[in-house]
Amino acid sequence: MEKIIVAGFGGQGVLSLGQLLVYAAMYENQYATWLPSYGPEMRGGTANCSVVIDADKPVASPIIAIADTLIAMNKPSLEKFQANVREGGLVIINSSLIFEKCANKNARAVYVDANRIAHSLGNNKASNLVILGAYIRQSGLFSREVILSTIEKVYASKPQFIPSNKACFEAGYNLEV
């Protein structure tokens, strides 16, 4: 079972990242839940989601007390959730917006300059996909091919975004950290 918290500002693709993980699980015939939480703001408010994936049995609850992974897209999210990552867990940090180091010394922190990478690829709105690539590479939760296929399926109604979204995912996946 994998328990993941994805958190950041509204508009950073936090909820979309969580949904992509759940869709990947579903396409791989695994069990998954996704629980979004967000403020009333359209953009800039807080947003987070809990994702629980289990390959073998249905997931009873999407509520996460202790996470295996935290994906922090902004500083308030890192501050709020880093203590909720288990010993030996993983914290993926968007170092474009978070300049502090992870205070949870029991977890492994990976720093990804996601905004800069997405910008360099011409897709300012896809820092979440850069982060997703880094997470998939570090966690091994799914293969690269499963996520690329999931991106194709999820964005099938907007095919013009698929190549750029895949490029951002690949850039995060291929990072040497």
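For the numbers below, each heavy atom of this structure counts, side chains included, while hydrogens, waters and symmetry mates do not.
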Requested in this report: Determine, using the 4.5 Å side-chain heavy-atom cutoff (strictly less than), whether Ile71 and Val110 are members of one ILVMFWY cluster.
Outcome: yes
Report task. Name all pairs fulfilling the salt bridge (Lys or Arg N to Asp or Glu O under 4.0 Å) condition that reach into residues 7-34, sequence neighbours left out, sorted by first residue then second. Result -> none
Report task. Quick one: do Leu97 and Asn115 satisfy side chain to side chain contact (heavy atoms under 4.5 Å, CB included)? Show the steps, please. Result -> CA-CA 8 Å; Leu97 299 178; Asn115 293 38; 4.1 Å; yes
Query - With Asp113 via side-chain contact (heavy atoms from CB on, under 4.5 Å) - residues at least two apart - result: Ser95, Ser96, Arg116
Report summary line: For Ile53 and Ala25, the nearest pair of non-hydrogen atoms, with its separation, is CG2-CB, 3.8 Å
Query - Atom of Ala118, atom of Ala126 and distance for their closest heavy-atom approach - result: CB-C, 3.8 Å
Query raised in the report: With hydrophobic residues grouped by side-chain heavy-atom distances under 4.5 Å, do Leu90 and Leu20 end up in a single group?
Result: yes
Report task. Please round to the nearest 0.5 Å and tell me the distance separating atom OG1 of Thr33 and atom NZ of Lys3. Result -> 10.0 Å
Query raised in the report: Which pair of heavy atoms, one from Pro36 and one from Cys49, lies closest together, and at what distance?
Result: CA-CB, 3.9 Å
**Report entry** Minimal non-hydrogen separation, Asn128 against Gly13, with atom names
**Finding:** ND2-O, 3.1 Å
Query raised in the report: Going through the distances and angles, do Met73 and Ile131 end up as a side chain to side chain contact (heavy atoms under 4.5 Å, CB included)?
Result: CA-CA 8 Å; Met73 296 293 288; Ile131 290 280; 3.6 Å; yes
Query raised in the report: Among all residues two or more places apart in sequence or in another chain, which pass the salt bridge (Lys or Arg N to Asp or Glu O under 4.0 Å) test with Glu170?
Result: Arg144
Requested in this report: Apply side-chain contact (heavy atoms from CB on, under 4.5 Å) to Ala107 and list each qualifying residue two or more places apart in sequence or on a separate chain.
Outcome: Val85, Val91, Asn104
Query raised in the report: What residues form a side-chain hydrogen bond (donor to acceptor under 3.5 Å, both in side chains) with Ser127, not counting sequence neighbours?
Result: none
Requested in this report: Would you kindly confirm whether Val52 and Ile136 end up in one hydrophobic cluster when ILVMFWY residues are joined by side chain heavy atoms under 4.5 Å apart?
Outcome: no
Query raised in the report: Would Val51 end up clustered with Leu129 when hydrophobic side chains under 4.5 Å apart are linked, directly or stepwise?
Result: yes
Query raised in the report: What pairs with Asn165 under side-chain hydrogen bond (donor to acceptor under 3.5 Å, both in side chains), at least two apart in sequence or on another chain?
Result: Asn123
Report task. Return the set of residues passing salt bridge (Lys or Arg N to Asp or Glu O under 4.0 Å) with Lys75 (not counting sequence neighbours), or none when no residue passes. Result -> Glu79, Glu100
Query raised in the report: Does the side chain to side chain contact (heavy atoms under 4.5 Å, CB included) test come out yes or no for Leu132 and Leu21, once each step is laid out?
Result: CA-CA 9 Å; Leu132 176 62; Leu21 290 169; 3.7 Å; yes
Query raised in the report: Which residue pairs pass the side chain to side chain donor-acceptor pair (under 3.5 Å) test when at least one of the two sits in residues 14-27, sequence neighbours left out?
Result: none
Query raised in the report: Can you find a pair of side-chain heavy atoms, one from Ile93 and one from Leu78, that are under 4.5 Å apart?
Result: yes
Report task. Report yes if some heavy atom in the side chain of Ser164 is under 4.5 Å from a heavy atom in the side chain of Ile162; otherwise report no. Result -> no
Query raised in the report: Nearest 0.5 Å, what's the OG-CD1 distance between Ser50 and Ile5?
Result: 5.5 Å
**Report entry** Verify same cluster id: Val22, Leu17 (apolar side-chain graph, 4.5 Å)
**Finding:** yes
**Report entry** salt bridge (Lys or Arg N to Asp or Glu O under 4.0 Å): pairs with one or both residues in residues 60-72, sequence neighbours excluded
**Finding:** Asp68-Arg86
Query raised in the report: So do Cys102 and Tyr111 actually touch side chain to side chain, heavy atoms under 4.5 Å?
Result: yes
Report summary line: For Leu121 and Ala171, the nearest pair of non-hydrogen atoms, with its separation, is CD1-CB, 3.7 Å
Query raised in the report: Are any of the side-chain heavy atoms of Leu141 and Ile4 separated by less than 4.5 Å?
Result: yes
Check residues 56-65 and write down every donor-acceptor pair under 3.5 Å in which the side-chain atom is one partner and the other belongs to a residue at least two apart or another chain.
unit_1: Lys57; atom_1: NZ; unit_2: Asp54; atom_2: OD2; d: 3.3
unit_1: Ser61; atom_1: OG; unit_2: Ile63; atom_2: N; d: 3.1

Query raised in the report: Is it the case that Asn74 and Asn94 place a side-chain donor and acceptor less than 3.5 Å from each other?
Result: no
Only distances under 3.5 Å count here; give the side-chain donor-acceptor pairs of residues 147-157 to other protein atoms, sequence neighbours excluded, each with its distance to 0.1 Å.
unit_1: Thr150; atom_1: OG1; unit_2: Val146; atom_2: O; d: 2.8
unit_1: Glu152; atom_1: OE2; unit_2: Lys166; atom_2: NZ; d: 2.2

Query raised in the report: Please walk me through it: do Tyr38 and Asn48 pass side chain to side chain contact (heavy atoms under 4.5 Å, CB included)?
Result: CA-CA 6 Å; Tyr38 48 89; Asn48 68 76; over 6 Å; no
Report task. For Phe169, enumerate each residue passing the ring-ring contact (aromatic ring centres under 6.0 Å, His included) test, keeping only those at least two apart in sequence or located in another chain. Result -> Tyr173
Query raised in the report: Heavy-atom distance under 4.5 Å between the side chains of Ile92 and Val112, does that happen here?
Result: yes
Query raised in the report: Are Thr69 and Glu2 close enough that some pair of their side-chain heavy atoms sits under 4.5 Å apart?
Result: yes
